[in-house]
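Worksheet for the structure shown next.
Proteins come first, then strands; the chains are lettered A, B, ... in the order of their sequence lines, and each starts at number 1.
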Amino acid sequence: MTFWQDPYAAAVEWLRNLLIGWGLTVEAAQLILYLAGGIVLAGGSLALVIFLIWAERKIIGRVQDRLGPNRVGPWGIFQTFADILKIFTKEYITPNGVDRVPYNLAPVLAVAAVIMIWAVVPFTVTLYGADLSVGLIYVMAVGAIGEMGIVMAGWGSNNKFALLGAFRAVAQMVSYEIPMVIALLIPVMMAGSLSLGAITASQAVWNILIAPLAALIFFITSVAEVGRAPFDLVEAESELVAGFNIEYSGLKFGFFFVGDFLHAFTIAMLFTVFFLGGWRGPFVDQVPILGAVYFFIKTSLVYLVNILMRAALPRFRIDQMMDFNWKYLTPLSLSVLVVTALADKLTLGLSAWVRIPVFLGLNGLLFLAASVMVNRRAINRPRAEVVSRPRPLARPETAVQPETNGGVS
Amino acid sequence: MSTAQILFLIFSAVVVAAAVMVVLSRRIMRAALWLVLALFGVALIFALLDASFFAVVQVLVYVGAIATLLIFAIMLTRGVMDDSKAQLNRGWPFALLVCLGLFGGLVYILSQWNRFNSAAPALPQDAYDLTLFGLALTSPDGYLVAFEAASVLLLAAMVGAIYLALEKRGN
Amino acid sequence: MPSEWIYIGIFSLIALALPAAAILMAGVLGPKKPNPIKNSTYECGIETTGETWVQFRPQYYIFGLLFLIFDVETVFLFPWAVGYRVLPLFAVIEGIVFILILLGGLLYAWRVGALSWQ
């Protein structure tokens with residue numbers, strides 16, 4: 001393995017030998033490597049947010065027929081740096097009656113819970129933080145820590161709207177976690193492991209070809225988990241007061257959005273790992289570092305779809321959102337799991353050329369059946385008539401007549 | 001002391017301190033947050049013992065689901081901000097007696113065990129192989145009945161909970 | 001303690017420390033001029049009325065409970081899915097029965113209207 005084939009592994013080896021050469025024990029050298037790797041990975045993920053915010057504003061701007069940021073630097077690329085400088089010099093307004101520890105811990109947890117996912121994501125065969133044997137459940141569990149951050153923000157703020165926003169957010173997050181986990185059982189079945197590295201390595205045929213419906217369910221639910229449009233009703237900046245982050249200001253407020261942007265990119269990474277074969281691609285066996293390139297190309301494509309979805313779709317109402325999850329996604333994900341488990345066992349001996357059309361056909365049938373059922377329900381459902389109350393002042397005959405005697409009576 | 005022992009002492013101190021705070025907090029919501037910390041500390045101890053599956057499941061189920069459910073339940077109560085009421089009711093001497101009895105029993109059982117100074121036996125390589133877990137769960141010689149009974153139990157829990165909660169809504 | 005968990009522990013500490021450090025730094029850089037109006041609870045420009053703690057509807061509790069039950073279900077299904085490749089067809093069908101029993105529970109919840117947000 002030469003330097004050009006896998007510069008990362010070579011660099012780690014070089015650094016380890018250097019540290020041991022300085023007289024450190026093997027364990028101490030390993031610890032220092034972990035620390036350095038962790039700082040680079042976590043810092044890198046935060047630095048990436050600077051780029052993500054610019055890219056998202058630019059793309060959304062183009063979708064809406066605007067230029068997007070275009071003043072600071074070429075193509076406005078330094079806009080985010082200007083924003084960072086500004087937000088760092090803003091005052092923290094801490095309202096009366098906040099519960100200080102949860103209030104201040106919440107933005108930190110919101111970001112940390114997203115960064116912690118990066119610890120187990122395999123970028124190439126050798127470039128990853130830790131190949132945890134239960135990586136997939138770890139990713140889900142870290143999401144639970146993020147939920148606690150939101151609860152703390154809502155409770156700590158001492159504000160009705162913050163509390164309502166937080167509880168709506170948590171209700172949404174926990175609901176969408178169900179179909180997400182069930183859809184993710186299919187990559188686990190195919191790989192026979194919960195480790196993200198093993199799941200990537202097992203995808204000689206990408207999982208999206210084996211269970212396209214599971215991929216779709218994971219994509220939708222992960223967007224809902226982040227709370228981005230069309231699932232951003234907990235924030236709904238343009239309609240409600242901001243939701244659970246209403247009482248925050250300055251960088252504390254900013255960090256909720258840093259967490260949001262980073263989470264959106266992170267779920268694109270997870271989609272790549274679970275369904276698009278992660279770092280797999282041509283010549284990756286000879287030159288492992290190519291895997292990182294494939295990984296980021298695939299991730300960027302998923303992220304782009306994510307942004308376009310945000311730009312294109314209107315916001316759900318809360319009852320629609322809950323119905324969509326519990327009455328559509330959850331039964332559908334359970335059916336996909338059952339059908340895939342049976343179909344895979346029954347076609348075990350056949351070649352991939354037979355199996356994949358069978359899987360695709362079954363998924364198509366399921367999707368069709370689900371659509372027919374949903375459409376029938378939608379047609380039969382009684383609709384409440386929505387009319388506004390009669391408004392006396394708006395009609396000419398009830399309008400207040402101007403006093404004729406100059407207002408003296 | 002080895003690093004693992006020091007870490008164990010730190011983690012268990014966190015768990016015990018958080019558990020004490022659950023009881024002592026005057027605001028019920030703070031008590032819930034302390035409980036989350038205590039449950040999280042247990043997950044850390046699982047991780048320390050190399051029980052990766054149980055560590056992540058502990059966080060997923062206890063921090064993710066049970067704590068969330070608990071906090072939703074707290075939101076159903078009235079007067080959560082009211083911290084002027086007494087923390088103890090009349091039954092506290094009885095509760096204290098039960099707790100002391102339980103604690104004494106645990107101490108007694110542990111004192112019967114005489115291998116505190118011996119090293120932990122090395123576990124086989126596949127001790128935490130989830131494939132074996134899955135096989136054992138579904139094998140008729142293993143835990144098949146328990147596995148299916150768990151499903152029925154969950155179903156019963158769901159039906160019962162919905163029945164109770166919908167009754168409340170009717171009022 | 002295996003090395004992966006050591007790495008995760010170190011990484012989690014870094015992940016917590018970076019935002020915390022940034023927030024502290026911004027606190028040092030930013031101005032500090034509190035006044036009673038600025039520090040009052042935000043309520044669209046009017047005085048807040050009543051307590052912060054409004055009583056929530058039991059609906060949140062039902063969804064929390066459904067989530068808990070399905071969460072525990074998936075915990076049982078994870079070992080089954082990991083072992084799927086080596087399980088005989090019989091064991092796979094047991095897993096499916098497990099899923100179908102809970103699907104029945106979901107349908108019951110649907111029928112009695114517990115899944116409708118009001």
Is it the backbone or the side chain of [X] that comes under 4.5 Å from a heavy atom of chain C, or both, or neither?
{"X": "A:Ile186", "answer": "neither"}
{"X": "A:Leu185", "answer": "both"}
{"X": "A:Val142", "answer": "neither"}
{"X": "A:Lys90", "answer": "backbone"}
{"X": "A:Leu346", "answer": "side chain"}
{"X": "A:Met190", "answer": "both"}
{"X": "A:Leu33", "answer": "neither"}
{"X": "A:Leu337", "answer": "side chain"}
{"X": "A:Ala171", "answer": "side chain"}

Please flag which part of [X] lies under 4.5 Å from any non-hydrogen atom of chain A: side chain, backbone, both or neither.
{"X": "C:Phe67", "value": "both"}
{"X": "C:Ile10", "value": "side chain"}
{"X": "C:Ala17", "value": "neither"}
{"X": "C:Leu107", "value": "neither"}
{"X": "C:Ile23", "value": "both"}
{"X": "C:Phe11", "value": "side chain"}
{"X": "C:Leu77", "value": "both"}

Given the rule in the ring-ring contact (aromatic ring centres under 6.0 Å, His included) test, do A:Tyr248 and A:Phe255 qualify, once you have shown the distances and angles that lead to the verdict?
CA-CA 10 Å; A:Tyr248 286 87; A:Phe255 262 128; over 10 Å; no
To the nearest 0.5 Å, what is the distance between [atom1] ([X]) and [atom2] ([Y])?
{"X": "C:Ser116", "Y": "A:Trp326", "atom1": "OG", "atom2": "CH2", "answer": "12.5 Å"}
{"X": "C:Leu103", "Y": "C:Glu73", "atom1": "CG", "atom2": "CD", "answer": "9.0 Å"}
{"X": "C:Glu4", "Y": "A:Tyr138", "atom1": "CD", "atom2": "OH", "answer": "12.0 Å"}
{"X": "A:Ser195", "Y": "A:Tyr128", "atom1": "OG", "atom2": "OH", "answer": "8.5 Å"}

Over 60° means perpendicular and under 30° means parallel, so classify the ring planes of C:Phe98 and C:Phe76, tilted if in between.
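If you compare the ring of C:Phe76 with that of C:Phe98, the planes turn out tilted.
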Take the angle between the ring planes of A:Phe257 and A:Phe253 and call it parallel below 30°, perpendicular above 60°, tilted in between.
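Ring orientation of A:Phe257 relative to A:Phe253: tilted.
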Please step through side chain to side chain contact (heavy atoms under 4.5 Å, CB included) for the pair A:Asp131 and A:Val120, ending with a clear verdict.
CA-CA 6 Å; A:Asp131 193 18; A:Val120 294; over 6 Å; no
Top contributor to chain C interface from [options] [non-hydrogen pairs under 4.5 Å]:
{"options": "A:Val181, A:Leu132, A:Thr89", "result": "A:Leu132"}
{"options": "A:Lys252, A:Glu177, A:Met321, A:Gln320", "result": "A:Glu177"}
{"options": "A:Asn104, A:Val170, A:Leu194", "result": "A:Leu194"}
{"options": "A:Leu342, A:Leu41, A:Val111", "result": "A:Leu41"}
{"options": "A:Thr94, A:Val174, A:Asp319", "result": "A:Val174"}
{"options": "A:Ser175, A:Gly259, A:Ala130", "result": "A:Ala130"}

Is it the case that more than 12 heavy atoms not belonging to C:Lys32 sit under 6.0 Å from its NZ atom?
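Yes.
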Between A:Lys345 (side chain only) and C:Leu87 (backbone N and O only), is there a donor and an acceptor less than 3.5 Å apart?
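Judged by distance alone, yes, a pair lies under 3.5 Å.
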Measure from the side-chain N and O atoms of C:Gln59 to the backbone N and O of C:Leu115, and report whether any donor-acceptor pair falls under 3.5 Å.
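No.
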Between [options], which shows the greatest number of heavy-atom pairs under 4.5 Å with chain A?
{"options": "C:Ser12, C:Pro36, C:Ala26", "answer": "C:Ala26"}
{"options": "C:Ala20, C:Ala81, C:Ala22", "answer": "C:Ala81"}
{"options": "C:Leu102, C:Val28, C:Ile96, C:Leu100", "answer": "C:Ile96"}

Is any side-chain heavy atom of A:Ser45 closer than 4.5 Å to one of A:Leu262?
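Side chain of A:Leu262 against side chain of A:Ser45, heavy atoms only: contact under 4.5 Å found.
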If you apply the rule salt bridge (Lys or Arg N to Asp or Glu O under 4.0 Å), what do you find for A:Asp323 with A:Arg317, and how did you get there?
CA-CA 10 Å; A:Asp323 277 4; A:Arg317 237 173 31 217; over 6 Å; no
Are side-chain N/O atoms of C:Tyr84 and A:Asp344 paired as donor and acceptor at under 3.5 Å?
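Yes - a donor-acceptor pair under 3.5 Å links their side chains.
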Step-by-step ring-ring contact (aromatic ring centres under 6.0 Å, His included) determination, A:Phe244 to A:Phe256:
CA-CA 10 Å; A:Phe244 62 85; A:Phe256 283 113; 5.3 Å; yes
